[in-house]
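The structure displayed is predicted, hence computed values, not measured ones. Just so you know, these numbers use all the heavy atoms, side chains as well, and skip hydrogens, waters and symmetry mates.
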Amino acid sequence: LPSIFKAPIRPDVVHFVHSNIAKNHRQAYAVSKEAGHQTSAESWGTGRAVARIPRVRGGGTHRSGQGAYGNMCRSGRMFAPTKTWRKWHRRVKKKKVPTATLR
């Protein structure tokens with residue numbers, strides 16, 4: 001019998017290998033680049049007793065005068081928008097895989 005079968009099971013190695021191999025099946029996702037910036041908005045500046053966040057222009061609709069663009073605003077962009085170039089996959093050393101899977 002090969003020595004790999006006689007070696008004790010290492011739970012830390014098993015967890016490391018399985019969790020990192022599972023990451024290799026993921027697909028990249030991201031929010032749209034324009035998301036949260038699809039309105040024309042400009043700050044009202046100081047002196048109006050409102051926050052200096054950009055506000056939607058115009059009138060005649062509930063949307064006008066609402067805050068825009070900021071991550072704290074409704075329909076604004078998210079903080080640190082997700083990117084497709086995140087590190088999705090992980091390399092696992094070939095010598096580690098049998099110790100975690102051959103049981």
Side-chain angles (χ1 to χ4, degrees):
L1 214 56
S3 61
I4 190 88
F5 291 106
K6 296 173 186 164
I9 295 174
R10 294 259 318 266
D12 57 328
V13 175
V14 172
H15 178 266
F16 174 83
V17 169
H18 279 277
S19 60
N20 282 318
I21 285 178
K23 291 175 184 176
N24 294 335
H25 303 295
R26 300 193 291 180
Q27 282 189 322
Y29 63 85
V31 295
S32 169
K33 205 169 69 135
E34 295 89 31
H37 286 269
Q38 294 173 334
T39 57
S40 70
E42 195 175 353
S43 175
W44 287 352
T46 58
R48 293 227 197 179
V50 291
R52 292 180 295 182
I53 195 77
R55 295 178 183 276
V56 179
R57 316 246 17 230
T61 175
H62 289 299
R63 184 77 174 115
S64 58
Q66 288 182 352
Y69 298 167
N71 62 323
M72 73 293 285
C73 295
R74 181 172 182 266
S75 303
R77 92 184 124 59
M78 67 186 286
F79 166 76
T82 52
K83 307 290 186 191
T84 54
W85 56 81
R86 183 188 295 188
K87 197 165 84 175
W88 298 100
H89 299 87
R90 301 287 190 275
R91 289 192 60 195
V92 181
K93 305 262 181 174
K94 285 189 176 177
K95 286 186 179 179
K96 276 193 176 186
V97 174
T99 60
T101 55
L102 287 179
R103 294 297 162 165

Do you know which two heavy atoms are closest between [X] and [Y], and how far apart they sit?
X     : Y     : result
Ile53 : Gly70 : CD1-CA, 4.0 Å
Gln38 : Glu34 : CG-O, 3.4 Å
Asn20 : Arg90 : OD1-CG, 3.5 Å
Val17 : Lys96 : CG2-O, 3.7 Å
Lys94 : Pro98 : O-CD, 3.0 Å
His89 : Lys23 : CD2-O, 3.9 Å

Does a side-chain heavy-atom distance below 4.5 Å link Arg10 with Thr99?
no
Members sharing Trp44's hydrophobic cluster, built from side-chain contacts under 4.5 Å between Ile, Leu, Val, Met, Phe, Trp and Tyr, are Val50
So CZ of Arg48 and CZ of Arg55: to nearest 0.5 Å the spacing works out to 9.5 Å
TODO: Check the surroundings of atom NE2 in His15: do more than 12 heavy atoms from other residues, nucleotides or ligands lie under 6.0 Å from it?
DONE: no
* Asked: Is the number of heavy atoms from other residues, nucleotides or ligands within 6.0 Å of CZ (Arg52) greater than 12?
  -> no
Please confirm whether the backbone N or O of [Y] pairs with a side-chain atom of [X], one donor and one acceptor, at under 3.5 Å?
X     : Y     : answer
Ser64 : Val56 : no
Thr39 : Ala41 : no
Arg57 : Ser40 : no

- Query: Hey, quick one: are Val97 and Phe16 part of the same hydrophobic cluster, counting side-chain heavy atoms closer than 4.5 Å, chains of contacts allowed?
  - Reply: yes
Please report, to 0.1 Å, the donor-acceptor pairs under 3.5 Å made by any side chain of residues 71-80, with sequence neighbours excluded.
| unit_1 | atom_1 | unit_2 | atom_2 | d |
| --- | --- | --- | --- | --- |
| Arg77 | NE | His37 | NE2 | 3.4 |
| Arg77 | NE | Tyr69 | O | 3.4 |

